[in-house]
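For reference, the structure discussed in these notes is given below.
Along the sequence shown, residues are numbered consecutively beginning with 1. All figures in this text were calculated on a predicted structure; none of them were measured in a lab.
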Amino acid sequence: MSTYTIVVCDHIHESGLKILASDPEVELINAADEPKDLLLEKFIPLADVAITRSSTDVDEKFLAQAKKMKAIVRAGVGVDNVDIPGCSKLGIVVMNVPTANTIAAVELTMTHMLACARKFPYAHNHLKEQRIWRRQDWYGTELKDKKLGIIGFGNIGSRVGKRAKAFEMEVITYDPYIDPSKATDLEIGYTENFDDILACDIITIHTPKTEETIGMIGREEIAKMKEGVILINCARGGLYDEEALYEGLKSGKIAMAGIDVFTKEPAIDNPLLDLDNVTVTPHLGANTKESQRNIAIQAAENAIAAAKGIAYPNALNLPIKENELPDFVAPFLELVQKIGYMSAQVLKSGTRSIKVVAEGPVGDYVDSLATFATVGVLSESLADGINYVNAEYVAKEREIEIVKEIKPDARGFKNLVTVKLTAQNGTTIRISGTVFEEGLQRIVDIDGYTLDLEPKGRLIFFKNNDEPGVIGDVGHLIAKHGINISDFRLGRDKAGQALAVVRVDHEIPKALVDELAALDACISVKTASI
């Protein structure tokens with residue numbers, strides 16, 4: 001059994017550490033408390049994958065020691081401390097975890113919005129710290145009927161919009177990188193004219209920090225705003241020009257600002273702290289117990305997937321640039337790679353051909369889907385030598401045919417992807433999957449058996465004659481080996497056969513496979529781990 005070394009460079013929630021420690025194919029090195037010089041000299045050279053946060057710079061010194069590294073997982077959104085071009089030169093895939101703290105950031109944005117509207121921190125301090133009861137000093141404003149302008153309508157901005165609608169606000173967004181229907185379907189206005197945003201009562205920004213967005217709200221933009229506008233920034237420091245923001249607050253043009261992020265942090269000497277019309281927090285966007293747990297879990301799962309070559313979720317430097325594809329495509333790329341990896345394990349034979357069928361709008365990206373599927377298939381046997389650049393070349397060298405097919409309709413789904421593998425001996429496996437709202441990946445068909453399966457974990461594929469008592473027998477044998485069942489999915493056909501896919505919490509021993517195969521009703525037993 002292959003083993004992969006994953007080094008945790010910075011502190012993450014214990015839930016992520018437990019996932020890493022429980023995988024028998026992973027050797028975990030938790031170096032979060034080690035001095036950085038020792039981390040670089042002793043542990044990074046051993047790492048197949050590293051998990052970092054903001055405390056570890058992935059710079060020239062780091063990369064010089066990354067002798068065998070395949071991937072780096074930044075446990076969070078920002079990758080300001082990662083030399084992405086340097087990683088690309090060395091063939092190291094850089095991934096982040098962009099959605100795990102989404103709700104935390106959304107709710108903090110609403111907190112600042114409400115705090116600014118009602119001047120809550122100042123009223124609180126007046127009473128609690130100074131023991132002064134003067135209600136007349138703290139007239140606020142209501143969110144109802146106010147116009148909210150949202151700059152950036154991604155995972156966070158769109159959710160802020162939904163919540164603002166619940167407050168009966170009028171909401172409009174500016175984001176040149178989305179399909180306008182993403183906003184209009186939520187009954188939120190979409191504009192291509194940035195000045196429409198500047199005319200709003202409240203403005204909140206939710207963009208990444210790029211050359212295009214740094215300082216995008218400056219003196220010129222503030223001059224166009226309403227008197228008494230409220231500005232919110234819980235995204236990245238520097239999106240608002242802080243000097244211009246200070247001047248606007250000082251003059252009263254900006255009534256209030258809610259700021260969680262600053263150009264330079266820690267921001268203990270920032271002039272904005274001297275003003276009495278600013279609510280501030282010390283970069284708390286991801287600081288909830290739930291988000292820290294979610295970040296750690298996703299970072300751990302992504303690190304394992306990358307180490308094993310199963311998938312590279314949220315990769316930032318792949319030759320196929322996911323950030324240049326529509327939002328809906330990226331989860332299909334990850335899904336089709338998982339399907340390819342799983343199919344190769346189930347087939348357990350040399351592959352003769354890989355056929356990828358893309359149905360619905362996702363069909364426009366069938367070439368990318370085929371590349372990802374091929375990486376998944378070949379990673380099952382060549383994990384250390386396969387990447388997105390060489391996958392199709394390696395397939396050609398092995399005389400593996402890659403077939404691509406596009407269908408306009410997706411058989412009851414908006415989009416559907418199918419991978420069919422044919423082995424050298426002629427046996428086949430065909431697995432179809434789709435992605436639902438919020439990026440929810442599901443396998444919906446295996447060789448004609450309809451089911452609903454999340455592509456993750458240790459899986460047993462048990463095909464049997466459809467007769468009474470089989471499910472009980474399977475469960476009994478699994479329990480006899482002290483293995484817990486975490487999910488059980490069943491598909492049936494019209495010919496009197498059934499396919500059970502069982503997800504279990506522990507490694508699947510060969511003895512259990514042999515005992516399942518010996519059941520009278522059994523037709524076949526296969527296993528896979530994703």
Side-chain angles (χ1 to χ4, degrees), residues 77-79 95-110 113 147-166 169-200 202-217 221 231-236 239-240 285 313-316 318 320-335 358 360-365 368-369 410 413-415 434-441:
V77 179
V79 288
M95 302 177 285
N96 66 349
V97 183
T99 60
N101 67 337
T102 294
I103 298 303
V106 169
E107 292 185 356
L108 184 66
T109 300
M110 299 306 298
M113 199 180 301
K147 192 168 186 178
L148 173 65
I150 301 175
I151 305 170
F153 206 68
N155 286 314
I156 295 173
S158 60
R159 287 171 172 79
V160 169
K162 291 179 183 178
R163 285 154 180 78
K165 292 285 287 184
M169 300 181 77
E170 181 184 352
V171 185
I172 187 172
T173 186
Y174 171 85
D175 189 331
Y177 299 101
I178 68 165
D179 185 327
S181 65
K182 181 176 180 181
T184 55
D185 286 350
L186 299 173
E187 298 184 349
I188 289 172
Y190 177 84
T191 182
E192 296 179 353
N193 184 355
F194 194 61
D195 285 352
D196 292 338
I197 298 294
L198 302 180
C200 291
I202 302 173
I203 300 171
T204 181
I205 190 165
H206 300 284
T207 69
K209 189 175 183 178
T210 66
E211 290 184 6
E212 181 183 6
T213 61
I214 291 174
M216 70 183 301
I217 299 293
E221 289 74 25
L231 301 184
I232 309 294
N233 184 8
C234 294
R236 309 298 294 173
L239 302 181
Y240 292 163
N314 307 305
L316 301 174
L318 293 180
I320 298 170
K321 296 180 180 178
E322 291 185 81
N323 62 348
E324 295 181 2
L325 297 173
D327 290 344
F328 84 93
V329 177
F332 278 97
L333 297 177
E334 182 182 340
L335 172 63
V362 78
D364 291 342
Y365 308 94
S368 297
L369 291 166
F413 297 93
K414 187 174 182 180
N415 290 284
T434 192
V435 177
F436 295 107
E437 291 296 325
E438 311 298 337
L440 194 65
Q441 300 174 10

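Between T207 atom OG1 and R236 atom CZ the span is 10.0 Å, to the nearest 0.5 Å. In this structure, the separation between CG on N101 and CD1 on I156 is 5.5 Å, given to the nearest 0.5 Å. Note: M110 CE to C234 SG = 10.5 Å, rounded to the nearest 0.5 Å. Note that the CE atom of M113 and the CD1 atom of I202 stand 6.0 Å from one another [nearest 0.5 Å]. Rounding to the nearest 0.5 Å places CD1 of I217 at 5.5 Å from CG of L198. F153 CZ to T173 OG1: the interatomic distance, rounded to the nearest 0.5 Å, is 5.5 Å.
Applying the side chain to side chain donor-acceptor pair (under 3.5 Å) test to pairs two or more places apart or on separate chains, those with a residue in residues 147-159 are R159-E438.
For A235 against L239, the heavy-atom pair with the smallest separation is CB-CD1, 3.8 Å. Taking both residues in full, the closest heavy atoms of N415 and F332 are given as CB-CZ, 3.4 Å, listed atom of the first, atom of the second, then distance. Considering every non-hydrogen atom in both V106 and R163, the closest pair reads CG1-CD, 3.3 Å. Minimum heavy-atom separation, I150 to G157: CD1-O, 3.6 Å. Between A183 and G189, the shortest heavy-atom distance links the atoms CB-O, 4.3 Å. Between V79 and L316, the shortest heavy-atom distance links the atoms CG1-CD1, 3.7 Å.
Remark: the backbone N or O of M95 is not paired with any side-chain donor or acceptor of N314 at under 3.5 angstrom. T213 places a side-chain N or O within donor-acceptor distance of the main-chain N or O of P208, the cut-off being under 3.5 Å.
Side-chain contact between C200 and I172 is present, with heavy atoms from C-beta onward closer than 4.5 Å. Side-chain contact between V97 and V77 is absent, with no heavy atoms from C-beta onward closer than 4.5 Å. The side-chain heavy atoms of F328 and D179, taken from C-beta on, include no pair separated by under 4.5 Å.
Take D185 and apply the side-chain contact (heavy atoms from CB on, under 4.5 Å) test, not counting sequence neighbours, and it matches S181. Listed by chain and residue number, D196 satisfy the side-chain hydrogen bond (donor to acceptor under 3.5 Å, both in side chains) test with T191 (two or more places apart in sequence, or in another chain). Shown here are the salt bridge (Lys or Arg N to Asp or Glu O under 4.0 Å) partners of D195, two or more places apart in sequence or in another chain: K224. In terms of the side-chain hydrogen bond (donor to acceptor under 3.5 Å, both in side chains) criterion, T109 has no residue partners (sequence neighbours excluded). Scored by the side-chain contact (heavy atoms from CB on, under 4.5 Å) test, A164 finds L148, M169, V171 as partners (sequence neighbours excluded). The side-chain contact (heavy atoms from CB on, under 4.5 Å) test applied to E212 returns Y177, T210, not counting sequence neighbours. E187 pairs by the side-chain hydrogen bond (donor to acceptor under 3.5 Å, both in side chains) definition with nothing, not counting sequence neighbours. By the side-chain contact (heavy atoms from CB on, under 4.5 Å) test, A104 is found to be paired with T288, S291, residues two or more places apart in sequence or in another chain being considered. Remark: Y174 pairs with F194 by the ring pair (Phe, Tyr, Trp, His ring centres under 6.0 Å) rule, at least two apart or across chains. Applying the side-chain hydrogen bond (donor to acceptor under 3.5 Å, both in side chains) criterion to D364, with sequence neighbours excluded, gives no partner residue.
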Worked verdict on L333 versus L369 for side-chain contact (heavy atoms from CB on, under 4.5 Å): CA-CA 6 Å; L333 297 177; L369 291 166; 3.7 Å; yes

K165 and L186: CA distance, side-chain angles, deciding distance, side-chain contact (heavy atoms from CB on, under 4.5 Å) verdict: CA-CA 9 Å; K165 292 285 287 184; L186 299 173; over 6 Å; no

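In this structure, F436 and F413 have tilted ring planes: the angle between them lies in the 30° to 60° band.
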